[in-house]
Every structure is written in C-alpha cells, then in structure tokens.
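Step one of this worksheet: look at the structure below.
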Amino acid sequence: MAQEYSKDGADSVESPRPFLSRSQPSIHPGLHPSVTDVPVTPAIDNSAYQSGSSGADESYFTRNIHKGGNNTMAPQSPTEAASGATSNQDILRRMSMGSPKMQRKDSLFEIDPRAANPSLSLSGGMISATFCIPYSLKYRKGQAWGLTSRRGTSALFDSFTYLSSDKTPWNHTLVGWTGEIDNSVDLTPPDTPPAAGPAQVVPLNKNSAPIPVDAFAQPAAPAQADGIHISQADKKQLERQLAHEKSGRTIPVWLADNVESDGDGDITLKDQARWRRFAESELYTLFHYKQHEPTNGRAERQAWADYYRMNQMFANRILEVYKPGDIVMIHDYHLLLLPSMLRQRVPHMYISFFLHIPFPSSEFLRCLPRRKDVLEGVLGANLIGFQSYSYSRHFVSCCTRVLGFPSDSDGVDAYGAKVTVCVFPIGIDAATIERLAFDDPGVDGKVAALREMYKGKKVIVGRDRLDTVRGVAQKLMAFETFLERYPEWREKVVLIQVTSPTSVEEEKEDSGNKIANKVAELVAKINGLYGSLGFSPVQHYPQYLSQEEYLALLRVADIGLITSTRDGMNTTSLEYVVCQRDDHGPLILSEFSGTAGSLKDAIHINPWDLSGVAHQIDAALSMSEELKRAMHSNLYRHVTTKDVHSWSSSFIKRLFTVLGSHNATIATPLLDKAALVAQYRAAKKRLFMFDYDGTLTPIVGDPAAAVPSEKVIRTLTALAGDEQNAVWVISGRDQEFLGRYLGHIKNLGFSAEHGSFMRHPGSTVWENLAETFDMGWQKEVMACFQKYTELTPGSFIERKRCALTWHYRPSDPELGAHNARECQKELEKTVGKAWDVEVMAGKANLEVRPTFINKGEIAKRLVDSYGREVGQPPEFTMCLGDDFTDEDMFRALNRSHLPQEHVFSITVGASSKMTLAHWHLLEPADVISSIALLNGGETNVADLGPLSVIEGHIPDQMPGEHIPDEVPGDKL
Ligand SMILES: O=P(O)(O)OC[C@H]1O[C@@H](O)[C@H](O)[C@@H](O)[C@@H]1O
C-alpha cells in the first residue's frame, strides 16, 4: 500500500559551503577577514540557520508522496544522505533503524520481564517518556502529517528503537510532546527534488545559500497570528500515523494554549516555545553552571506554571495507557516533576528517571527558586540514573542539603523511602557507526578527498553545538596558544571546527550571537596571525555536515579535540573513537565532560588551562604509534561494548534489582481509617500512645521550636477528655518540655526521656524509673559529645536529667552526619562497653540512655496496667511514632497478646519505611486529622471506604526496604 507520508529525516537544503570544497578560502597573515572579499568565518547570525528550509522540507515530503514514499526509517539512499544537512545525531538515529543488534541471548534474558522477581508481577509493558517525540511535524489541514527525524538526543532515540525492536521482549510505548508544529506554507514547487549531490564546490561567502534549519528545536513560526488550529480529526490522524513507529507505539502529548481543549477536541497553538522555556532557560542553564539575572519574576512564574502543566499533561497521557506492572522510564530535565506526579496517582508504579545532562552542586542548585519542587519531583522515582558519578553525588548531596533528607552514596531516604541513585553513562550505537564509517564507498571517497586536501598536515577535529558550554572559544584560544608556543607546528597543523547552532532557548535568545561572534573573531585572529596566502590553520564550518562528510572527517582526524566546560555526555567523542578504528588518533577530552569519567584512556584536559591544552596537543601530535594504539584499543573496547543497547539493558537490570529489593508486597499500608473508626466505636476501653517529635509535630530546624500547634492541643484535649480513653505522650523529650507545652491538658499521661520518667493522667508527680541507675556514664558521654561539638560547627548538646542528646541539625548536613557516625562508633567502643547504655541515632541527633529504659517497656507496662485495671486488655490500642526509638513500642505491641484487629500501630512516614508498625501515615498533619475523626465530626464510616482486614503475620523483625509511596508533590 502506498504510504501517505515520509518520515525520513533528510533535510533537503544543501550546506552553503560543502565541506569538501577544494577551493578553500584563505587569508593572508595579518589580514583581517573584514578586509578580504572572501571571509573564512563571517560573524554568524543564528537566524541564518533558521531561514529558508521549510519549503525544501516540503518539497521532499511532496516528492515522497508522489513516489509513494516509504514510511519506514530505512537508511537514506546515498543521494538523500548526501543532500541532507545532517548532524551526527541524525546519523546515529538513522543507522540504528536498520542496524544489526549486538545482543547476546543471555543479556536479553537478563532484561526479560519474566526474569525479574515474580512478586513484582511485571506486565511486560514499558512506557518511555521523553520531552519530544523523535519526529519533527509538519501540519497541513485535513491531510497526512509530514514526519521528519528530529535532530539531537540520538542515543536516546536509538535506545527507544532498540526497546521497540523484536530484539527485546518488551512491549514498548513512547510518550512525548509533538514538539513545535510547523504549518508554514510550502514555497517549493511540489516536484522540486531536494538539493543533492556529494561535495558540491560552493565557497562560503556572504552570498552563499542559507544555512539549513535546525529541525531539532527551532520553533516554527505559526503561519497565522492567531495561532495554529488543529482539529480533533487531524489529531487523530497523527496518532494513527505514530501508532506503529519504530520507536514503539508513539503517543503524542498535545500541549495547547487553549487550556480547556487539551484532551479531546480541537486545539490552538500560539506560543509553542512556552513548554520548553522553564526547562531550557532556568534548568539547563543552571545545571550547566550558568545563571542569569532575575527579571521582575512574572515571566519566571509563567514559565514555571507552563512547566508544571506540561508535566501534568504527560502524567495524564501516561495514565491513559498505563497498566499495573508496567515500567515507566522518564527521561531528562524537561520532566523532573513527572515521577512524583505519577507516584501520587499510582503509589506503587515502577518508575525510573534518567538525567541526560549534568546535575549541579548544591551551591548552584540552591540558587534555583524552585529547587525543592524539582528535587521532590524527581524523588518520586524508584531509581534515578546519571551520566557520571559526580552528578549523582551532587544530586544526593542536594537532597540532603536542600531537603534535609538523609542520604548515602546509594541514594536518598525520602520520607523514609529509599530512592536509589546510580551512574549509567550512555553509549552510542557503535556497531552501526562503524558499519557506516567503514563499509560505505561514499565515505571512503570523502576520506580520500580530505587526505588529499590536507596532505602533509596534521588534522585536529572539533564538532560542537554553538552553546557556550561546549567550549569552542576555549578550544580556539588553546589552539592559538599552541601555535604560539610550539612554532614548529605552524603550517603543519589544521584545526577543522564544525559548529551547529544551539538548540537551547536561552542561548538562542541571549548569548547565541555573542558566542558566534566571539568564535568568528578568534578564527579570524588565528588565521590572521598564523595563516598564509595558501593556508588557514583554522577551518571553521558553521553548518551541519552530511553523514558521509562527518564520518569521513572523524576518520581522517589525527586528534579529536573536545573542550566543553560542562557537558552531560559527549557523543562526538565516542563516534570519533569508533572512526579511529584503523588510525588510533588520540582523543583530547575535557575533564568537565560527563564522558571523561568513562573514557579513562583519553587525554584529559582542563579547557580553562590554555597552556595545558596546548601542551597536550603537542604531546598528542608527537605521541608514538605504539602508545596511540594502546590508548585507542582501550577506548575502542569501551565504546563498542558499553554501547547504547548495553546502556538500556544495564538500566533495566538495575531497576529489576532495585524493585526486587524494595519488594512491594511488604510495603506498609496506609492507615485504614474506616477500620480505625469502627474499632474505636466498638471498644469500651481504649489506649493511645503518641510519640512527640515527628509524630505530633513536624521535625524543625531548632528542636526548641517544635512546639505543639493549637490544633494539636485541641485534638489531644478532646481525646483525653473522653473517659473511655487513656491517652499518653511517650517521648524522648524531658519533663520540663512536656510539662510546659502539654502539661495543662487534663488527663494526659506522659513518659519523658524515652521511658526514664512517667507522669500518670491527672497527676503532677513524675515517677523516676531510672532512680537506682548509676549515672557515671554521663560524664564520659559529655566529654565525647563536647569533642564532636567542637568539630561540628552549629551542633550542640541537650542535657536532660537522664538521657543526653547531641544535635547536629543546624550544622552542615554532611559534616554532621559524618561526625555523628564517628561519635557513635567511638561511644559504642568506649562507654557502650563499660556501661549498660544504648547509643541511638535519631533524626539529626545522637542520644544515649540506659538500655533497660525504652519506650517499649513503657508501652508494655501501659497495656498490662490498663488490662489489670479494667479486668481485660484494651479493646482498642493506637500507637504512633516516627523514628527508631518508637519501633520499641511497635515491637512490644506485636509481642503482646492483644488481638491484631484491636491494635493500630502506625509509623509516620512513607509506606516503604522499615518498620514493625502495621500501618503508616505520611506526616504529623495526617496524624492529627485521623485523631480528629475519632473525636467526632467527620466520622461517617461509610464515607471512609471499605473496611480492610489486617492480613498476614505480624512481623517481628524489620522487613526490607519497600517501594516509596506518597512523596509529597509539587503544589503550584
Ligand atoms: O521521642 P521524640 O518525641 O520523638 O523525641 C526525640 C528527640 O527529639 C529531639 O528533638 C529532642 O530535642 C530530644 O530531646 C528528643 O529525645
């Protein structure tokens, strides 16, 4: 059947200056380009990149319709390939479509959903969420949509293709925004073939043809001022077209300006760039260590609202197709809020997140006004992957410093739920790159032409997007330093630098032209200083290359030079390694690129150290063949084995492990309020035991400020006012604190200092249970605490009558946690051995108290004594706590002979928390509202949902970690 549309990615506009032009323009030393007729590198106006391509796209589209164009993503014909202004990302993507997969059966088995822990009940469905679908879209009312390959993020698109192929057992669905939809009018006559032909000789000058559009991210200007209107029928048409793509069933997210029409119905698109604004102007820049001045705040608020809504629309779309047991893989910084949005709606969803760009240190992230929202947003995932160890370390440290969550190198404890953090450097489809680079006579021809062109010269190659962080200016300055310091290389080395336009909104708006101009100036300066009539040491090509040109260039290079100042993963460096299979050219790689961590055998440089880079260029050019071969062989092995398929597989395997160890089946359920109320009403005698910090009041920075709210006092007063209720607060706090803030509540009982003291309801007298215990240990503990207080600025000691507490919440969280571990070790080795005391790690504190005194003893004592008093055990026991010390109470209740359905032991925190409690509530506010239910008012049991029965045995030891449950999400 004839296909109605083309989705081949070839741009049909030819480069203004074919890369293999033999008529290389040159500049005489000392002559500035401005005084020559043929400037080698004119100042770049980025708009040139965007002009005049749409018509050509359309002609290609039309041509394919006329030919009954194929709707598969088969590799381009040589003509098409040569005619397309193609980036290396395009190459990667295209090649992967028809590439042989380098998969072994055993590795496939490892990612087979049936190989995962059966308790996970995986469905075999996988949903990938990425900001944009892999196609740029062309809209013409009432007709088939035009689909062309989207530039950029090639490795990721390759991984989707792999997951969707029959090489993996997954049923893969891809969810992504449509991207900016182009409905511009096609000015090219329908039958005009795309500009074609290899290696046209057209010199680059001011009169040359426009540089091709960046189809990756350039928003197409809407044809009508009132926006683009897309009917429901046309939306459905696209959805049909996308349903069977190689990247998997592809489901577009429609983001429209008319809010009310996002789902079904017609939509209107006006400001299409708005959906990327916050991510690209705020997040991308900050994550790359660049900051901009704040505006009046209005634009930022709007950008944030759009970002939030865009994430919500993704969540809605995913939930339309999600089935229990599916795995959801979320990609990159546009979708940071999505994990928590999904988690809130489906608490046990299996979610992973991968960040493809760098993650900044907390010093930078804390500058972001929405820092908490983005961190909490991503913490809804079970597994979070980063490109390099330093990014994962930064993330973990931000969670501790910004959110106050405990963390270690394995991950973050978010509301008691463990979120695992891992490093997975992405790879490329190396086998296909190699095939394209070496098995194509077209590439061989270009290699030969380039070699001829640069005969007798060493060739250094750079290919970068013109973002400031790619370090093109630094590269040129280092090259200038090299020519200055090592005059013997002058006229013997050429730097071929290819730049494509930035895809980042911020850069396009603000600094795109600045950096382009700077690059142009530097090129002119170097060529002026070190060039000659017949030779320019820097050849700058501000354009996309065809696939063949690009691969040929990487093959002929003597050195690959990457000088990014910050870069998630540099795929050019990986492609260079593959293309150097036979020649072993060294790779000089910025230590600020995420790739540096994996490519140990590259020559690592600091791009800011111009002399250092110059020195390494000299060293690489002078390197022995033997050393080059040895270094390259390690690089090559790495790049060809750690490819994009291996990346997908490792990430999935790791997710299996993480989900398996979290085992959803033992997650603590959310408190069944209906059962609670029913049992409360049925019981004649009821016992309540409340912990204080973290249970009745939230944990706050200064422990002295954790005073009970009016609501807490009202609720406890009402509860204790019912004579059928025995209500106790069992806390590590001292008598003084509890007496001052809660002592006035009639009929409230207290246990202070973890059970050392008791005050019965109605009494004002405190009973000392530790009276006979020798307190000699306190002196030694104080000495140790004092030592660590000095070592930990901000920390302090709370001296109670019996227990001693060292607090480090006001201190640097990492230093505090480290010193607390050291202090605990020291105390356990010394005082802990000599005395019968326990050293307990609390929430940003360390406490020491006699071992025989603990909250569990008090709970046991209360259950027994109320049983004795009434002649039968309490028919309703509710016990709540949030930390380690409260587990003693839960254990005591589990060991009691109380019927299970009469006991409500509740931990405050996530369902995945390790606990002996039967139930969980998320935070202190939920505790108070649950108690309010018992006090009357909202106690319509029927409204609380079905009664659930506590099933299974009562655990008497800590279960393993569970899947995170509700992570408070983001509220606008
Ligand atoms: O047992 P609770 O109420 O959670 O309190 C734990 C600790 O919380 C801290 O904030 C107090 O300063 C300590 O004195 C107390 O021991």
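Scope of the values below: all heavy atoms of this structure, side chains included, with no hydrogens, waters or symmetry mates. Read the numbers this way: they start at 1 and go in the same order the structure lists the ligands and their atoms.
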Please report the C-alpha distance between Trp919 and Ser905 in whole Å, then the side-chain angles of each, then the deciding distance to 0.1 Å, and finally whether the side chain to side chain donor-acceptor pair (under 3.5 Å) criterion is met.
-> CA-CA 6 Å; Trp919 305 100; Ser905 54; over 6 Å; no
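Not a single heavy atom of Glu753 sits closer than 4.0 Å to an atom of ligand 1.
Among all protein heavy atoms, the one lying closest to atom 2 (P) of ligand 1 is Asp691 OD1, 2.9 Å. Ranking protein heavy atoms by distance to atom 7 (C) of ligand 1, first place goes to Glu847 OE2, 3.4 Å. Remark: minimum distance from atom 10 (O) of ligand 1 to any protein heavy atom is reached at Arg733 NH2, 3.4 Å. In terms of protein heavy atoms, atom 3 (O) of ligand 1 is closest to Ser731 OG, 2.7 Å. Residue, atom and distance of the protein heavy atom nearest to atom 11 (C) of ligand 1 are Glu798 OE1, 3.5 Å.
Taking only nitrogen or oxygen atoms, main chain and side chain alike, Gly732 reaches within less than 3.5 Å of ligand 1. Checked by distance only, ligand 1 and Asp886 stay at 3.5 Å or farther apart across all their nitrogen or oxygen atoms. In terms of N/O distances under 3.5 Å, ligand 1 is approached by Asp693. At under 3.5 Å, a nitrogen or oxygen of His807, whether backbone or side chain, sits near a nitrogen or oxygen of ligand 1.
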Below 3.5 Å, can you tabulate the donor-acceptor pairs from side chains in residues 712-720 to any protein atom, sequence neighbours excluded?
residue: Thr715; atom: OG1; partner: Lys711; partner atom: O; Å: 2.6
residue: Thr717; atom: OG1; partner: Ile713; partner atom: O; Å: 2.5

Under 3.5 Å, which donor-acceptor pairs do the side chains of residues 875-882 form with other protein atoms, sequence neighbours left out?
residue: Glu875; atom: OE1; partner: Lys684; partner atom: N; Å: 2.6
residue: Glu875; atom: OE1; partner: Lys685; partner atom: N; Å: 3.4
residue: Asp882; atom: OD2; partner: Lys843; partner atom: NZ; Å: 2.3

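Glu363 has a carboxylate O that lies under 4.0 Å from a charged side-chain N of Arg366, or vice versa, which qualifies the two as a salt bridge.
Remark: side-chain polar atoms of Ser929 are paired, donor with acceptor, to backbone N or O of Asp926 under 3.5 angstrom.
Proximity of Lys800 to ligand 1, defined as any heavy-atom pair under 4.0 Å, is confined to the side chain (atoms from C-beta onward). Contacts between Lys843 and ligand 1 below 4.0 angstrom, taking non-hydrogen atoms only, are absent altogether.
Taking the six-membered ring for Trp and thresholds of 30 and 60 degrees, His807 and Phe796 have nearly parallel ring planes, at less than 30 degrees apart. The aromatic rings of Trp766 and Phe750 lie tilted to each other, with the angle between the two planes from 30° to 60°.
For the 3.5 Å distance criterion, the side chains of Asp836 and Thr851 qualify, holding a donor opposite an acceptor.
Taking a cut-off of under 4.0 Å to the non-hydrogen atoms of Lys855, the atoms of ligand 1 that pass are 1 (O), 2 (P).
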